[in-house]
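Computed from a prediction, not measured in an experiment: that's the story for all the values here. Order of the sequence lines fixes the chain letters, A, B, ..., with proteins taken first and strands second; residue numbering starts at 1 for each chain.
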There are 2 protein chains.
Amino acid sequence: MGVVWQCQGVTSASTAGAVRQGSLRELNLAVVLRRIAAAERPPSRAEIAAGTGLTRATVSAVVDDLIAGRLVAEAEPAPRTGAGRPARGLVLAADGPAGLGLEVNVDYLAACVVDLTGAVRHHVVHRADLRPVSPADALDRLAALAAEARAAAVRDGLTLAGAALAVPGLVGDGGLVRLAPNLGWRDVDVPGILAGRPLVEPVDGIPPLVVDNEANLAALGELHAGPPCSASFLHISGEIGIGAGIVLDGVLYRGARGWSGELGHIPVHPEGRPCRCGGRGCLERYAGQEAVLAAAGLSGRELPADTAAARLADLARASDPATLTALADAGTALGVAVAGVVNLLDLDTVVLGGGYAPLAPWLAPPVVAEISRRVLTAAWSPVTVRPAALGAQSAAVGGAASVVRRIIDRPVGWLARSG
Amino acid sequence: MGVVWQCQGVTSASTAGAVRQGSLRELNLAVVLRRIAAAERPPSRAEIAAGTGLTRATVSAVVDDLIAGRLVAEAEPAPRTGAGRPARGLVLAADGPAGLGLEVNVDYLAACVVDLTGAVRHHVVHRADLRPVSPADALDRLAALAAEARAAAVRDGLTLAGAALAVPGLVGDGGLVRLAPNLGWRDVDVPGILAGRPLVEPVDGIPPLVVDNEANLAALGELHAGPPCSASFLHISGEIGIGAGIVLDGVLYRGARGWSGELGHIPVHPEGRPCRCGGRGCLERYAGQEAVLAAAGLSGRELPADTAAARLADLARASDPATLTALADAGTALGVAVAGVVNLLDLDTVVLGGGYAPLAPWLAPPVVAEISRRVLTAAWSPVTVRPAALGAQSAAVGGAASVVRRIIDRPVGWLARSG
DNA sequence: GCAATTTGTTCAGTGGTTGAATTAAATGGG
DNA sequence: CCCATTTAATTCAACCACTGAACAAATTGC
């Protein structure tokens, strides 16, 4: 089994939308499964029929297929509501397909398994400074971690249907990592290096390995694996660089070339501090990790990137004046950039993730202040600023969740597998 | 026939996506019609079948329905290509349904009719300073203009299937114009005022009147009525305020509450000139019409808003130094804001529309300069900055085009009408 | 004139939804 | 305890729209 990369979200223009005979069932499988996934408590076949407009007969037939394919299970009877035959509740199966989420970052590797219900079933983290390690060696270690997670999943009766790898950098066509500055990677052909490693079972319609930006996958995690949230939000991953995942109307927006979310280089002081990107006054120079550490009187080189945020949070909790000022200034700069984004996109939620998550108590107030000062429509309806629900490891979880989401959105690929 | 407002792009969550028996034909009607609309030269039934994956038999049946419903017509035989029975080309009908586009702006009213092919069949403009006129009176005059356009359309055998009204302001639920500062409107219930005026024939699935922001409709015009363009772009309407219509992956993004596109209040100098919005250093204060006129030594009050841009263009063509400096500075400020947007959204095209369209020769170079300086990914693939293809009146045309687009995207509503 | 070729139509066959009738499983009143 | 009532889920004949193959139509080229 080879490892193939496939661009996410690209629909072939050739046969786009054509509805053939069998597509009817294919589409209705997805409709019913999505409804089960989105419901707050296990719905009955009758409720699904009433909600979708399909006949009870059709829903029964579709549900039979889903149960036979181990995507759905019948839950214990729901609490009595009144007269009549009791409904049998339907839930997503916890022993069917699962997604494998992987992450390479500056000072750790991670692998996790998420099942259909969105539960994180396994999670392994391997701490190590990966800057001096070659890409091939780093991916070797990652493959070992993945094999470990896979074995654990198989023991639970789960089938890994696909994998997603989060990297802190720009990803181009074919899973090529164009540039991951803090990792020191440039033009690394990840699928090529991992080729031949059996990470997952092949499933029609699910790419065996998707490589994506860390911020994008973290946003997907917030959307699919976290508690119910707004359909249009910005997830900010504050690391050394500042990336953002943009979710609009419930779908991740990747940009014309897949390079959206470069929040770190939004100008906040057009003729301010020079930036390594060639511009001046980029947000990264005011709210990036290095800038905040320097303003707080710490040197970023001394401590691993991952603990930098924790260190700052400790100092802030201890009311260290330099740290409090540094965080307030960073929050203001962040707020200026975010206010512009909110004015442009009319978002109702901003999520502080990555390294910003533990610092949210100090960053959120100045961000909110700038938003209410600068956003025209804030008067009519408020903008929520909150820390990421999944915390720092959300990229790997988000990647795994994006895999199971694909199955929910197009279950026929999985059903065709087991025959 | 009452006038009803309906929010664009909102799919009812209740029956979302359920595919019933008849939906099959409904969806395939749309697939085939879209293909005919998107084709560069009239495609044959066989070409459509090959392109969509449907059978020739199915395509024939679908096309028969479309021809019977006056949405499609057979074109004259295409030039010979070789052996075999010659194909009969299919084109969108020019005598079927059409859209009515309306616009209220500071110093003019406009009405236009666009047919299925995207051709502007009629266009009436009524110049008048509307700032001293009450909303009810302004809408009265607009209704008269609409009646005129309607009569002309009927003479051509066209049927008006829906109307869209562009206003320079924020539009809330129910077509309520929350705030149109330059018009002096606040909480104007447009559908209520126009209620009872027969603007269009009722067609299932097409709201009789959509009220929308001018920048949104202008972007839709660029997308649907202009020459083929990128699927992800920003259309900037530079008037007294600066609005933007955002098209992502071929669909207009309206925001969580429908208030996206407030480009004018993106901060470009966070502690710079105070703005009437309450913030400081908003783009509008550096690149808005009033700011540019003042920098060029002209007073905005003297001349109607519409001719201000033309006046500036004249002066620039005559190499007036103050005007050239003013435009260069405005372009730089615009470029700073746009660079941030492009970094965030990874757009490949920026369209200068509204009052910026005639000034594009002077504004585009500094915008391009800021983009190439500040956008990380500009090195890999360039960003196009160009004037709007439809020019200044694109909002009305875009509104009309958005109506016919609805018919192309869901023809069954129209077909159900004529029985 | 005839074979070759491509387009478009006809028609029996089939997959999947529909709607009504039927069975299943509970509650509650007499 | 029995039975009417109520709601859930299944069964089954009917029907709609697509499928695939065969056929008719229209043109080129030998």
Side-chain angles (χ1 to χ4, degrees), chain A residues 15 17-32 36 39 41-68 72-90 411-412 415-416, chain B residues 15 17-32 36 39 41-68 72-90 411-412 415-416:
Chain A
T15 57
V19 185
R20 317 197 29 161
Q21 180 76 254
S23 319
L24 237 169
R25 177 48 71 82
E26 176 173 344
L27 292 168
N28 280 334
L29 284 165
V31 166
V32 171
I36 295 173
R41 52 186 179 70
S44 68
R45 293 166 174 78
E47 282 169 11
I48 294 171
T52 58
L54 294 168
T55 335
R56 290 203 303 273
T58 303
V59 173
S60 276
V62 168
V63 166
D64 285 348
D65 284 1
L66 292 173
I67 289 178
V72 163
E74 289 194 328
E76 278 315 289
R80 287 293 94 75
T81 54
R85 171 176 171 175
R88 272 182 293 176
L90 300 169
V412 76
L415 296 178
Chain B
T15 58
V19 185
R20 316 195 32 157
Q21 181 75 253
S23 319
L24 238 167
R25 176 48 73 82
E26 177 173 343
L27 291 169
N28 280 333
L29 284 165
V31 166
V32 170
I36 295 173
R41 53 186 179 68
S44 68
R45 293 165 175 80
E47 282 169 12
I48 294 172
T52 57
L54 295 167
T55 336
R56 290 204 305 272
T58 304
V59 173
S60 274
V62 168
V63 167
D64 284 350
D65 283 3
L66 292 173
I67 290 178
V72 163
E74 290 194 327
E76 278 315 289
R80 287 293 96 72
T81 53
R85 171 176 168 174
R88 271 182 293 175
L90 299 169
V412 76
L415 296 178

For this session: Kindly say whether A/Glu47 contributes a backbone atom to a donor-acceptor pair with the side chain of A/Ser44 at under 3.5 angstrom?
Result: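 Here the side-chain-to-backbone pair exists.
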Exercise. Is there a donor-acceptor pair under 3.5 Å between the side chain of B/Thr55 and the backbone N or O of B/Thr58?
Worked result: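 Judged by distance alone, no pair lies under 3.5 Å.
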For the [atom1] atom of [X] and the [atom2] atom of [Y], what is their distance to the nearest 0.5 Å?
{"X": "B/Leu54", "Y": "B/Ile48", "atom1": "CG", "atom2": "CD1", "value": "9.5 Å"}
{"X": "A/Glu26", "Y": "A/Asn28", "atom1": "CD", "atom2": "CG", "value": "10.5 Å"}
{"X": "B/Asp64", "Y": "B/Arg45", "atom1": "CG", "atom2": "CZ", "value": "6.5 Å"}

Between [N] atom [atom2] and [X] atom [atom1], what is the distance in whole Å?
{"X": "B/Glu26", "N": "C/dG16", "atom1": "CD", "atom2": "P", "result": "20 Å"}
{"X": "A/Leu27", "N": "D/dA17", "atom1": "CG", "atom2": "P", "result": "17 Å"}
{"X": "B/Asp64", "N": "C/dC11", "atom1": "CG", "atom2": "P", "result": "14 Å"}
{"X": "A/Leu54", "N": "D/dA8", "atom1": "CG", "atom2": "P", "result": "16 Å"}
{"X": "B/Arg25", "N": "C/dT17", "atom1": "CZ", "atom2": "P", "result": "17 Å"}
{"X": "B/Leu24", "N": "C/dT18", "atom1": "CG", "atom2": "C1'", "result": "14 Å"}
{"X": "B/Asn28", "N": "D/dA17", "atom1": "CG", "atom2": "P", "result": "11 Å"}

For this session: Kindly say if A/Ser60 contacts the phosphate of D/dT10, meaning a side-chain N or O under 4.0 Å from OP1 or OP2.
Result: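 For D/dT10, OP1 or OP2 has a side-chain N or O of A/Ser60 closer than 4.0 Å.
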For this session: Please state whether the phosphate of C/dT18, meaning OP1 or OP2, lies under 4.0 angstrom from any side-chain nitrogen or oxygen of A/Thr58.
Result: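 Yes.
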Check: protein-nucleotides 1-6 of chain D nitrogen or oxygen pairs below 3.5 Å:
residue : atom : partner : partner atom : Å
D/dT6   : O2   : A/Gly84 : N            : 3.3

Exercise. Base, sugar-phosphate, or nothing for A/Ser44, non-hydrogen atoms under 4.0 angstrom?
Worked result: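 It contacts sugar-phosphate atoms only.
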For this session: Tell me what A/Ala46 touches on the nucleic acid: a base, only sugar-phosphate, or nothing, going by heavy atoms under 4.0 Å.
Result: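 Sugar-phosphate, backbone atoms only, no base.
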Exercise. Which nucleotide in the list D/dC18, C/dT9, D/dA9 gets nearest to the side chain of B/Arg56?
Worked result: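 Between D/dC18, C/dT9, D/dA9, the one nearest the side chain of B/Arg56 would be C/dT9.
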Problem set entry | Listed nucleotide nearest any side-chain atom of A/Ala57, set D/dA9, C/dG8, C/dG19 |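 Among the listed nucleotides, the one closest to the side chain of A/Ala57 is C/dG19.
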So which protein N/O to nucleotides 13-16 of chain D N/O distances come out below 3.5 Å?
residue : atom : partner : partner atom : Å
D/dC16  : O2   : B/Gln21 : OE1          : 3.2

Problem set entry | Closest-nucleotide 5' rank along DNA chain D - winner of A/Glu74 and B/Val62 |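 Of the two residues, A/Glu74 wins.
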Exercise. At their closest point, which heavy atom of B/Arg20 faces which heavy atom of A/Gly53, and how far apart are they?
Worked result: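 Result for this residue pair: NH1-O, 2.8 Å.
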Problem set entry | Considering all heavy atoms, the nearest A/Asp65-A/Arg25 contact |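 Result for this residue pair: OD2-NH1, 2.7 Å.
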Problem set entry | With B/Pro43, the side-chain contact (heavy atoms from CB on, under 4.5 Å) member among B/Ile36, B/Val32, B/Val59 |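 The residue from B/Ile36, B/Val32, B/Val59 that satisfies side-chain contact (heavy atoms from CB on, under 4.5 Å) with B/Pro43 turns out to be B/Ile36.
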Exercise. With nearest nucleotides of DNA chain C determined for B/Arg20 and B/Arg45 from heavy-atom distances, which residue corresponds to the more 5′ nucleotide?
Worked result: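 That would be B/Arg45.
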